[in-house]
Engineer: 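Sharing a structure, written as structure tokens. Questions coming.
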Number of protein chains: 2
Amino acid sequence: MGERTEHTPLERTLQLVGDRWSILIIRAALRGVRRFDDFAADLGIARPILTKRLTRLVEGGVMAKDPYQEHPPRYEYRLTPAGVALSPALVALIRWGEHHLADGDSPIVLVHGPCGTELEQGFWCRTCATTFGPTAIRAQSATTQPEHDSAQRDRTGP
Amino acid sequence: MGERTEHTPLERTLQLVGDRWSILIIRAALRGVRRFDDFAADLGIARPILTKRLTRLVEGGVMAKDPYQEHPPRYEYRLTPAGVALSPALVALIRWGEHHLADGDSPIVLVHGPCGTELEQGFWCRTCATTFGPTAIRAQSATTQPEHDSAQRDRTGP
DNA sequence: GGTGTGGGTTCTGAAGCGGAACTCGGTGGG
DNA sequence: CCCACCGAGTTCCGCTTCAGAACCCACACC
């Protein structure tokens, strides 16, 4: 049996959200869906699978299960900050589908809300003050300097 | 039998690469793996599954199957430009795993090759010359004005 | 006290996945 | 000429996961 303890970050990420539904659940949550039945209706997912996926996402820190009323104890599932941090991945997948899987029936694009311009997504180096493509990416151990707090936040850009 | 013809870009993307192996196959291809047996050995994937995944990725335009020698006819699988265009999604998933699924054993980060600074990834609006977070994203039809549901509820900050 | 609602759990099949063994064309060595 | 070998799959079998529908249960409302 597979003793591969999925050691790379990508493998661990895919263990958590790399199935057919988790990403769609997260997208629904980003749109404001919170309750079990709303997820089920919105996604068309089988309810037992939804139970399992939500449980796994909660255990993985992507979502949180909070009571929203007491007496009939009812819960809602919200994205944690870690869950919201998956947005760039979602957006990348959506954009890729838009540009490379167009069926001609629904040309929908993601835009910057305030101005309506189609958004772009790229890699940005703070030091060089430049954007760059995938060929300039290198993986590197961070043992010497555990600088983990970079977080893509609203900034003024390149 | 789900007759849902997966109409949104995200659903179509996940139909193609939203299984347990496709993303890992694409990562291996980005690292230079090209041949059937090399994929099998590198990933530890069962060979019948690898056959199916490679076939689907070729049909989906993500990879191309080209002969690399004639007389014993042998083929290699390369990423197409569309396949390389999935890099931002891969990088987003890798970075998320690095930052939110750290097990303390392998702190590896992605850096800008030339200078070694950890890369950032964000949404960029050419018109406003600014980067922004997920709450400022809106989905909009590319042909007409924004009639597609605003797709965004109020959320706590990113 | 019956009905409705939200949030699940049990039951079935039907897919998909994993492992090993087998096939098939061609090549190279003895 | 014969046999081993290599790359690229395909078959066969067993196990795990998924999908669908039905069912359960605690409570609230009428």
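Residue numbers start from 1 in every chain, and the chains themselves are labelled A, B, ... in the order their sequence lines are given, proteins ahead of strands.
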Engineer: Mind calculating the distance between CD (A:Gln69) and P (D:dA26) to the nearest angstrom?
Structural biologist: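 Value for this atom pair: 17 Å.
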Engineer: Can you work out whether B:Pro48 or A:Ala46 has the more 5'-proximal nearest nucleotide on DNA chain D?
Structural biologist: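 The residue closer to the strand's 5' end, by nearest nucleotide, is B:Pro48.
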Engineer: Can you tell if the side chain of B:Tyr75 reaches within under 4.5 Å of the side chain of B:Leu54, non-hydrogen atoms only?
Structural biologist: no
Engineer: For the pair made of OH in B:Tyr75 and C1' in D:dA8, what is the distance, rounded to whole Å?
Structural biologist: 10 Å
Engineer: In this structure, how many angstroms lie between the P atom of C:dC17 and the CG atom of A:Asp19, rounded?
Structural biologist: 12 Å
Engineer: On a plain distance test, is the side chain of A:Arg47 in donor-acceptor contact with the base of C:dG7 below 3.5 Å?
Structural biologist: yes
Engineer: Send over the distance from A:Ile45 CD1 to C:dT9 P, rounded to a whole Å.
Structural biologist: 14 Å
Engineer: Rounded to whole Å, how long is the line connecting atom CG of A:Asp37 with atom P of C:dG4?
Structural biologist: 15 Å
Engineer: Just how far, in rounded Å, is P of C:dG7 from CG of A:Leu43?
Structural biologist: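 My rounded result for the distance is 15 Å.
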Engineer: Under 3.5 Å, is there a donor-acceptor pair between the side chain of B:Thr80 and the main chain of B:Val62?
Structural biologist: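 Present.
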Engineer: Taking 4.0 Å as the cut-off, does a side-chain nitrogen or oxygen of A:Arg74 come that near to OP1 or OP2 on D:dA26?
Structural biologist: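 For D:dA26, neither OP1 nor OP2 has a side-chain N or O of A:Arg74 closer than 4.0 Å.
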Engineer: Using OP1 and OP2 only, check whether a side-chain N or O of B:Lys65 sits under 4.0 Å from D:dG9.
Structural biologist: yes
Engineer: Ignoring backbone atoms, establish whether B:Trp21 has a side-chain N or O less than 4.0 Å from OP1 or OP2 of C:dG16.
Structural biologist: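 Indeed not, no polar side-chain atom of B:Trp21 lies that close.
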Engineer: Taking only the side-chain nitrogens and oxygens of A:Arg20, find out if one of them lies under 4.0 Å from OP1 or OP2 of D:dA19.
Structural biologist: yes
Engineer: Reckon A:Tyr68 has a side-chain N or O less than 4.0 Å from the OP1 or OP2 of C:dG7?
Structural biologist: yes
Engineer: Between B:Phe39 and B:Tyr77, how do the two ring planes meet: parallel, tilted or perpendicular, split at 30° and 60°?
Structural biologist: perpendicular
Engineer: Is the distance from OP1 or OP2 of C:dG6 to the nearest side-chain N or O of A:Tyr77 less than 4.0 Å?
Structural biologist: no
Engineer: Starting at CG of A:Leu86, measure out to CG of A:Leu30 and round the result to the nearest 0.5 Å.
Structural biologist: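 Atom-to-atom, A:Leu86:CG and A:Leu30:CG are 8.5 Å apart.
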Engineer: Please determine if a side-chain N or O atom of B:Arg35 lies less than 4.0 Å away from the OP1 or OP2 oxygen of D:dC6.
Structural biologist: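 False: B:Arg35 side-chain N/O out of range (4.0 Å or more) of D:dC6 OP1/OP2.
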Engineer: Without swapping roles, check the side chain of A:Arg95 against the backbone of A:Leu119 for a donor-acceptor pair under 3.5 Å.
Structural biologist: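 Pair found, side chain donor or acceptor close to backbone of A:Leu119.
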Engineer: Starting at atom CG of B:Asp66, determine the distance to atom C1' of D:dA8, rounded to an integer number of angstrom.
Structural biologist: 16 Å
Engineer: What is the separation between atom CZ on A:Arg56 and atom C1' on C:dG8, rounded to the nearest whole Å?
Structural biologist: 18 Å
